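Note that the structure is a prediction, hence the values are computed from the model and not measured. Whatever order the structure lists them in is the order used to number ligands and atoms, beginning at 1.
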Amino acid sequence: MHAVISLGGSILAPEKLDIKYTQEVAAELKKLVEKGHSIMVVTGGGARARNYIEAARQLKASEAYCDVIGIEVTRLNARILISALGNSAYPEPAKNFEEAVKFYRPGRIVVMGGTHIGHTTDSVSAMLAEYTGADLLIIATDVDGIYTSDPKIDPKAKKIDKISAKEFSKFALEHGQVEAGSTFVVDPHAAKIIERSKIRTVVINGRKLNEFERIIEGKSHTGTEILPR
Ligand code: UTP
């Protein structure tokens, strides 16, 4: 099984880098590779990206320049995960999809951050999944899946267990934002790619580490299943 995993900055890189979580997620990824799965990971920017973007914005940098800063931070976070993966990962974060393919060998995890301005690492992971013909895209974030509204703000928010890619894309357009550092769980551009690629996509809580394997093996899980059709 070839899976692309989007590891949101909210779990990998909160205010203070979470060493224990990084070690645990790296161990889980290595286990999947040892079982013969091919794994590529896209790391998000997290709190540090937002801090840097906010500072640059206050200093009157353009939105595009803020995006470039965000991309640099996602690549820095990729290096943190690579550090934990050791010999199981290619030592450099791939800067684009061509490099991701070049760096890949069976048994070796490729890690990358952002690519170009105007989207988020969720989009990068959806495009990487499409480009490399992945069987599965897992979007690991800090909530249990897609909710009807933001569960951190709205106590009435309900988790959606299953949603069609088409409906999901409509939903993301209604709820998403496009400015640098925006926080909706999946950005609308990523949702569009997910819809067109027809790749099975699951949004999960990245802290529930045993869910990765369950999803890859087609077992029940607690996330949101985005159905290709
Ligand atoms: P993230 O992918 O982490 O964005 O990239 P996010 O959705 O705001 O945050 P998470 O998912 O909670 O971690 C951080 C920022 O870097 C820029 C964008 O400004 C984005 O908001 N970025 C990232 C790009 O412009 N292009 C990319 O390919 C990736």
Side-chain angles (χ1 to χ4, degrees), residues 4-18 21-22 25 40-81 93-100 110-132 137-147 150-153 168 171-173 175-194 201-207 223-224 226:
V4 169
I5 300 176
S6 171
L7 213 49
S10 51
I11 45 168
L12 184 71
E15 220 56 64
K16 190 174 182 307
L17 289 174
D18 190 339
Y21 175 76
T22 310
V25 77
M40 293 184 179
V41 183
V42 181
T43 50
R48 199 147 298 102
R50 272 193 288 280
N51 286 348
Y52 272 72
I53 287 170
E54 203 33 58
R57 198 176 275 141
Q58 280 182 33
L59 295 166
K60 306 276 181 267
S62 66
E63 282 299 300
Y65 201 81
C66 289
D67 280 346
V68 172
I69 290 176
I71 293 168
E72 296 285 353
V73 179
T74 62
R75 290 180 178 160
L76 211 50
N77 290 338
R79 287 190 189 276
I80 290 293
L81 180 63
K95 286 192 286 300
N96 52 49
F97 307 119
E98 293 84 348
E99 277 193 359
V110 173
V111 186
M112 68 186 288
T115 52
H116 20 54
I117 57 175
H119 55 227
T120 71
T121 47
D122 287 336
S123 291
V124 174
S125 65
M127 289 188 274
L128 180 65
E130 195 174 49
Y131 190 86
T132 59
L137 169 63
I138 297 177
I139 299 181
T141 180
D142 64 344
V143 288
D144 278 349
I146 306 289
Y147 283 76
D150 187 344
K152 289 185 211 144
I153 301 167
F168 173 65
F171 185 75
L173 256 184
H175 291 77
Q177 299 162 26
V178 285
E179 62 182 24
S182 96
T183 55
F184 179 67
V185 72
V186 178
D187 83 88
H189 182 249
K192 264 285 164 224
I193 309 280
I194 290 169
T201 301
V202 181
V203 180
I204 56 153
N205 187 333
R207 298 213 166 264
T224 298
I226 301 170

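A salt bridge links Arg207 with Asp18: the distance from a Lys NZ or Arg NE/NH1/NH2 to an Asp or Glu carboxylate oxygen falls below 4.0 Å. Between Glu72 and Arg75 there is no salt bridge, since no side-chain N of the basic residue sits under 4.0 Å from a carboxylate O of the acidic one. Between Arg57 and Glu63, at least one side-chain N (NZ, or NE/NH1/NH2) sits under 4.0 Å from a carboxylate O, which counts as a salt bridge.
Short contacts between ligand 1 and Gly118, defined as distances under 4.0 Å to a heavy atom of the residue, involve ligand atoms 25 (O). Per-residue contacts place Gly45 under 4.0 angstrom from the following atoms of ligand 1 (heavy atoms of the residue considered): 1 (P), 3 (O), 13 (O). In the vicinity of Gly44, heavy-atom distances shorter than 4.0 Å reach the ligand 1 atoms 3 (O). The contact set between ligand 1 and Arg50, taken as ligand atoms under 4.0 Å from a residue heavy atom, comprises 9 (O), 12 (O). Listed by number with element, the atoms of ligand 1 under 4.0 Å from a non-hydrogen atom of His116 are 24 (C), 25 (O), 26 (N), 27 (C), 28 (O). Each of the following atoms of ligand 1 lies closer than 4.0 Å to a heavy atom of Ile53: 15 (C), 19 (O). Applying the 4.0 Å criterion to heavy atoms of Thr120 picks out, from ligand 1, the atoms 2 (O), 4 (O), 7 (O), 29 (C).
Taking distance alone, with nitrogen or oxygen atoms compared against 3.5 Å, Val124 stays at or beyond that limit from ligand 1. Taking distance alone, with nitrogen or oxygen atoms compared against 3.5 Å, Gly114 stays at or beyond that limit from ligand 1. Between Asp122 and ligand 1, not a single N/O pair is under 3.5 Å apart. At least one N/O-N/O distance between Thr115 and ligand 1 falls below 3.5 Å.
No donor-acceptor pair under 3.5 Å is formed between the side chain of Thr74 and the backbone N or O of Gly45. Without hydrogens or angle criteria, Tyr131 side chain to Ala100 main chain gives no donor-acceptor distance under 3.5 Å.
No part of Thr141 comes within 4.0 Å of ligand 1, judged by heavy-atom distances. Of the heavy atoms in Ile117, only backbone atoms (N, CA, C, O) come closer than 4.0 Å to ligand 1. Contacts of Thr74 with ligand 1, taken as heavy-atom pairs under 4.0 Å, involve the side chain alone.
A search for ring-ring contact (aromatic ring centres under 6.0 Å, His included) contacts involving Tyr65 returns nothing, not counting sequence neighbours. In this view, His119 and His116, His189 satisfy the ring-ring contact (aromatic ring centres under 6.0 Å, His included) rule, not counting sequence neighbours.
Checked by atom type, the side-chain pair Thr115/Asn96 shows no donor-acceptor distance below 3.5 Å. Residues Thr141 and Asn205 have side chains that never bring a donor and an acceptor to within less than 3.5 angstrom of each other.
Two residues are said to be in side-chain contact when any heavy atoms from C-beta on lie closer than 4.5 Å; Leu7 and Val42 fail this criterion.
In this structure, Glu63 does not count as a contact residue of ligand 1, since none of its heavy atoms falls inside 4.0 Å of the ligand.
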